[in-house]
Amino acid sequence: QVQLVESGGGSVQAGGSLRLSCASFGDTYSIYCMAWFRRAPGKVREGVARISSDGSTTYADSVKGRFTISQDNAKNTLYLQMNSLKPEDTAMYYCAADYSLCTWRVSTYAYWGQGTQVTVSS
């Protein structure tokens, strides 16, 4: 079992930055993939960024060049640095983890956090 706890959300103006954190607890030693997803009001949950255990990263086209995913294995913490934020980035952001796959499919991930809200005003 793995527990994920997100933090770092908030309200910013367009062009601003935020850093989200996701602390992992429990059986974290064999996690293969961690990812950030988001769900905007009225929309489905979508993948934002993911990182596998070998350090490979993948980003959604909408955030490439603006967001950076990273992890501190010593602290069991995943990060999402978000720069040049846009109003369309407004959403609830979730971190997710899985032991075996690294995809954009929501159903891939066995573990999810409760989410942290990001609101970007124009």
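Every value quoted in this text rests on a predicted model; they were computed, and no experiment measured them.
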- Message: Using side-chain heavy atoms (C-beta onward) and a distance below 4.5 Å, is Y99 in contact with Y32?
- Response: no

- Task: Please round to the nearest 0.5 Å and tell me the distance separating atom OG1 of T116 and atom CZ of R38.
- Result: 14.0 Å

- Message: Ignoring hydrogens, what is the shortest heavy-atom contact between P87 and S122? Give both atom names and the distance.
- Response: CG-CB, 3.9 Å

- Could you state the interatomic distance from CD (E6) to OG (S21), rounded to the nearest 0.5 Å? 10.0 Å

- Decide yes or no on side-chain hydrogen bond (donor to acceptor under 3.5 Å, both in side chains) for N83 and S17, but give the supporting numbers first. CA-CA 4 Å; N83 298 328; S17 298; 2.9 Å; yes

- Item | Distance, nearest 0.5 Å, that separates OG1 of T77 from CE of M34 | 9.0 Å

- Message: What I'd like to find out is whether the side chain of Q117 reaches to under 4.5 Å of the side chain of T90, using heavy atoms alone.
- Response: yes

- Query: Under 30°, 30 to 60°, or over 60°: which ring-plane class applies to W104 and F37, parallel, tilted or perpendicular?
  - Reply: perpendicular

- Side chains of Y111 and D98 in contact at under 4.5 Å (non-hydrogen atoms): no

- Message: For a side-chain contact (heavy atoms from CB on, under 4.5 Å) check, start with the C-alpha distance between T68 and L80, then their side-chain angles and the critical distance, and finish with the verdict.
- Response: CA-CA 6 Å; T68 302; L80 184 68; over 6 Å; no

- Task: Using the rule that two of Ile, Leu, Val, Met, Phe, Trp, Tyr join whenever any of their side-chain heavy atoms come within less than 4.5 Å, decide whether V12 and V63 are in one cluster.
- Result: yes

- Query: So how far is it from L18 CG to Q81 CD, rounded to the nearest 0.5 Å?
  - Reply: 8.5 Å

- Side-chain contact, heavy-atom cut-off 4.5 Å: L20 with V118? yes

- Is there a side-chain contact between R50 and Y59 (heavy atoms, below 4.5 Å)? no

- To the nearest 0.5 Å, tell me how far W36 CH2 sits from I51 CD1. 12.0 Å

- Task: Using a 4.5 Å cut-off on heavy atoms from C-beta on, say whether the side chain of F25 contacts that of L4.
- Result: no

- Task: Nearest 0.5 Å please: distance from the CD atom of Q3 over to the CD atom of Q114.
- Result: 11.0 Å

- Message: If you define the side chain from C-beta out and look only at heavy atoms, does anything of Y109 sit under 4.5 Å from L101?
- Response: no

- Would K64 and D61 pass as an ion pair if we require N to O under 4.0 Å? yes

- Message: Whether R19 engages the ring of Y79 as a cation-pi pair (distance to the six-membered ring centre under 6.0 angstrom, angle to the ring normal within 45°) should be assessed.
- Response: yes

- Item | Beyond-backbone contact of R66 with D89, side-chain heavy atoms, under 4.5 angstrom | yes

- Any donor-acceptor N or O pair under 3.5 Å, side chains T108, T103: yes

- Message: Salt bridge or not between E46 and R39? Use side-chain N to carboxylate O under 4.0 Å.
- Response: no

